Asker: 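Before anything else, here's the structure in question.
Note that this is a predicted model, so its numbers are computed, not measured.
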Amino acid sequence: MKSASKSFLFLIAALSLYTPLALAADGDQQFASLGSCKLESGKEIADCRLGYRTWGKLNSDGSNAILAPTWFTGTSQALSGAIVASKIADPEKYFVALVDAFGDGISSSPSNSKTQPRMQFPAFTTRDMVRAEYRLATEVLHLKHLRAVMGISMGGMQTFEWIVDYPEFMDLAVPIVGSTRLTAYDLLLWHAEEDAIRSDPAWHDGNYEKTPALLQVAVLHDMNLTSPEHYAKEIGREGFAARYESYRDKGATEFDANDRIYQLEAMINHDIAHGGGMDEAARLVRAKVLAVASQQDHMVNPGPALEFAKLLGAKTLLLTSDCGHRAPGCEGAKMNPAVAAFLDGK
């Protein structure tokens with residue numbers, strides 16, 4: 001009788017590990033506790049956890065899973081509109097997992113860590129993000145393989161990292177306005193944003209009571225998000241005063257300033273070749289790749305992605321509008337069906 005009782009208790013304990021996953025509705029915010037996450041620097045994130053959301057069902061042979069990490073300052077909730085609602089990754093066909101990257105305020109971040117708060121948080125890289133995402137996929141979601149990895153902007157950078165670090169783990173990859181390694185112009189923007197935060201008197205070395213407005217960060221970001229032509233058309237001279245006043249009022253308060261610094265530094269140090277040559281990195285890749293780039297991107301230069309795609313002999317899709325980094329949204333009618341068809345193997 002005692003033996004049967006112990007077996008019953010063991011079964012209940014085992015089932016409890018899977019209950020949150022089983023009961024979660026499509027799109028619910030979920031969290032995975034990963035214990036300690038060791039970083040490239042040799043340091044670690046204590047009480048490491050990742051936020052994520054899932055849609056759809058895994059098929060019987062586990063071959064229909066798609067994973068997409070978040071963009072810079074983005075969350076899985078924001079990403080869901082671009083990936084799921086758009087039907088790029090259709091949850092009627094695929095099991096879709098959107099993952100909150102480190103530093104987004106949902107997953108482990110300077111803004112929410114109780115043991116390593118604010119600027120005590122250890123620096124992380126895009127490679128560290130991907131290693132944690134791989135642990136989520138294998139240890140929590142129990143995936144043995146992915147149909148595809150895809151992502152937009154910093155999510156595209158992570159996608160490039162995925163195909164080099166875990167080359168056998170996916171069939172396909174779709175980096176969208178991402179990069180393999182930042183150009184000098186990209187670095188100019190991201191360093192300027194970080195310096196604008198650190199030099200703002202309201203930042204207080206990261207020990208602020210509320211996120212400072214960061215006027216200059218907001219201006220720098222908006223200047224580069226699209227193209228000069230698009231900004232001039234969208235805002236117009238008559239709308240400029242109100243737009244500039246919105247920078248003064250709201251600034252960049254939609255995202256924690258310390259979290260912004262940490263994600264900025266992850267992008268600044270992003271390099272999928274890890275100090276080596278891109279030709280060496282390309283030889284590691286096994287996935288079929290569709291690289292989507294924006295010709296007028298002033299935020300993430302399209303050159304590195306297109307050059308790497310050439311090394312791979314991969315498919316490319318060039319967006320040509322004046323929307324710049326926002327081209328995936330502006331040219332959804334062109335991009336969405338192309339990506340969906342690639343995922344479907346067409």
Side-chain angles (χ1 to χ4, degrees), residues 55 66-94 96 98 147-160 162-163 172-180 182-183 185-186 189 221-236 239 243 267 287-310 312-346:
W55 285 260
I66 294 175
L67 184 145
T70 51
W71 54 60
F72 173 55
T73 73
T75 63
S76 57
Q77 182 176 20
L79 182 60
S80 66
I83 300 293
V84 180
S86 67
K87 295 296 181 76
I88 287 181
D90 188 348
E92 294 295 321
K93 300 177 182 177
Y94 300 106
V96 184
L98 307 187
R147 172 60 178 167
V149 177
M150 62 187 305
I152 302 169
S153 190
M154 190 181 76
M157 297 179 200
Q158 292 168 79
T159 300
F160 277 121
W162 262 97
I163 62 176
L172 309 172
V174 187
I176 300 171
V177 293
S179 182
T180 56
L182 301 192
T183 66
Y185 192 85
D186 302 330
L189 169 62
H221 203 79
D222 217 18
M223 279 179 65
N224 290 276
L225 186 59
T226 60
S227 67
E229 293 80 9
H230 187 274
Y231 188 91
K233 287 189 301 184
E234 183 181 51
I235 306 305
R243 180 65 161 234
M267 292 193 297
K288 292 181 180 179
V289 176
L290 170 63
V292 181
S294 171
Q295 190 172 45
Q296 296 194 51
D297 199 332
H298 290 242
M299 187 161 276
V300 178
N301 190 286
L306 295 174
E307 289 161 12
F308 196 68
K310 189 175 181 180
L312 297 175
K315 293 183 177 180
T316 59
L317 177 64
L318 189 63
L319 307 179
T320 57
S321 72
D322 63 8
C323 291
H325 199 59
R326 284 173 48 193
C330 294
E331 298 185 63
K334 175 181 179 179
M335 185 190 79
N336 294 0
V339 174
F342 181 73
L343 294 175
D344 290 347
K346 296 177 182 176

Asker: Run the side-chain contact (heavy atoms from CB on, under 4.5 Å) test against T226 and tell me which residues pass, sequence neighbours left out.
Answerer: H230, Y231, R326
Asker: Using the side-chain contact (heavy atoms from CB on, under 4.5 Å) rule, take F308 and I163 through it: C-alpha gap first, then chi angles, then the decisive distance, then the call.
Answerer: CA-CA 12 Å; F308 196 68; I163 62 176; 4.3 Å; yes
Asker: With D222, which residues qualify under salt bridge (charged side-chain N to carboxylate O under 4.0 Å, His left out), at least two apart?
Answerer: R243
Asker: Side chain to side chain donor-acceptor pair (under 3.5 Å) with K87: which residues, sequence neighbours excluded?
Answerer: none
Asker: Mind checking what makes side-chain contact (heavy atoms from CB on, under 4.5 Å) contact with A82, not counting sequence neighbours?
Answerer: W71, I152
Asker: What residues form a side chain to side chain donor-acceptor pair (under 3.5 Å) with T183, not counting sequence neighbours?
Answerer: D186
Asker: Tell me the ring-ring contact (aromatic ring centres under 6.0 Å, His included) pairs involving residues 312-336, sequence neighbours left out?
Answerer: none
Asker: Nearest 0.5 Å, please: how far is CG in L225 from CG in L189?
Answerer: 10.0 Å
Asker: Testing V300, V177, T180 one by one against M157 for a side chain to side chain contact (heavy atoms under 4.5 Å, CB included), which residue passes?
Answerer: V300
Asker: How long is the straight-line distance from CD1 of I176 back to OG of S153, given to the nearest 0.5 Å?
Answerer: 10.5 Å
Asker: Under the side chain to side chain donor-acceptor pair (under 3.5 Å) rule, collect the residues that match up with K233, sequence neighbours excluded.
Answerer: D322
Asker: Please find the pair of heavy atoms, one from T159 and one from G151, that lie closest to each other, and give the distance.
Answerer: OG1-N, 3.1 Å
Asker: Scan for salt bridge (charged side-chain N to carboxylate O under 4.0 Å, His left out) pairs involving residues 335-346, sequence neighbours excluded, and state none if there are none.
Answerer: K93-D344
Asker: In chain order, what residues pass the side-chain contact (heavy atoms from CB on, under 4.5 Å) check against A305, with sequence neighbours excluded?
Answerer: F160
Asker: Please report the interatomic distance CG(L172) to CG(L290), rounded to the nearest 0.5 Å.
Answerer: 9.5 Å
Asker: The criterion is side chain to side chain donor-acceptor pair (under 3.5 Å); which residues satisfy it with E331, sequence neighbours excluded?
Answerer: S321
Asker: If you draw a 6.0 Å radius around NZ in K288, do more than 12 non-hydrogen atoms from other residues or ligands fall strictly inside?
Answerer: no
Asker: side-chain contact (heavy atoms from CB on, under 4.5 Å) with Q77: which residues, sequence neighbours excluded?
Answerer: R53, T75
